[in-house]
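Take a look at the structure below.
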Amino acid sequence: MTSVVNCPTCGKKVVWGPQAKFRPFCSERCKQIDMGAWAAEKYTIPSETPEDPSQESPLDPTQR
């Protein structure tokens, strides 16, 4: 049984196997587009920290 995934860049179906040279991407182009977005820091992990550090409550030493 072969697995089929969607290209993260364009959504095209890609067979997951040795014949898919750029997996999980469908092509070198899609791979480069993704790398460019990564290098431009377009992928971020949201944080729960307050935007204004002065509004942050001090840490309680007993909670460390």
Side-chain angles (χ1 to χ4, degrees):
M1 185 171 115
T2 59
S3 295
V4 177
V5 297
N6 293 332
C7 173
T9 304
C10 71
K12 182 179 175 182
K13 300 286 183 193
V14 180
V15 176
W16 191 272
Q19 70 276 19
K21 185 177 177 183
F22 303 107
R23 68 181 177 219
F25 304 99
C26 66
S27 65
E28 175 73 16
R29 179 180 178 272
C30 281
K31 180 180 172 184
Q32 293 299 324
I33 290 170
D34 185 78
M35 180 60 100
W38 178 83
E41 297 183 356
K42 291 184 179 180
Y43 300 135
T44 60
I45 299 172
S47 67
E48 294 182 20
T49 58
E51 300 220 2
D52 183 7
S54 65
Q55 293 180 1
E56 195 173 305
S57 61
L59 291 177
D60 182 357
T62 61
Q63 293 181 351
R64 289 185 186 182

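Basis for what follows: all heavy atoms, side chains included, without hydrogens, waters or symmetry-related copies. All figures in this text were calculated on a predicted structure; none of them were measured in a lab. Sequence positions, counted from 1, serve as the residue numbers for this chain.
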Check residues 1-10 and write down every donor-acceptor pair under 3.5 Å in which the side-chain atom is one partner and the other belongs to a residue at least two apart or another chain.
from, atom 1, to, atom 2, distance (Å)
Asn6, OD1, Lys13, NZ, 3.1
Thr9, OG1, Cys30, O, 3.1

- State plainly whether one hydrophobic cluster holds both Tyr43 and Met35, where clusters connect Ile, Leu, Val, Met, Phe, Trp and Tyr through side-chain heavy atoms under 4.5 angstrom apart. yes
- Note on the structure: Taking every heavy atom of Pro24 against every heavy atom of Val14, the minimum-distance pair comes out as O-CG2, 3.9 Å
- Counting only heavy atoms not in Gln19, do more than 12 fall under 6.0 Å of its CD? yes
- Atom pair CG/CZ of Asp34 and Arg29 - distance to nearest 0.5 Å: 12.5 Å
- Heavy-atom pair of closest approach, residues Lys31 and Phe22: CD-CD2, 4.1 Å
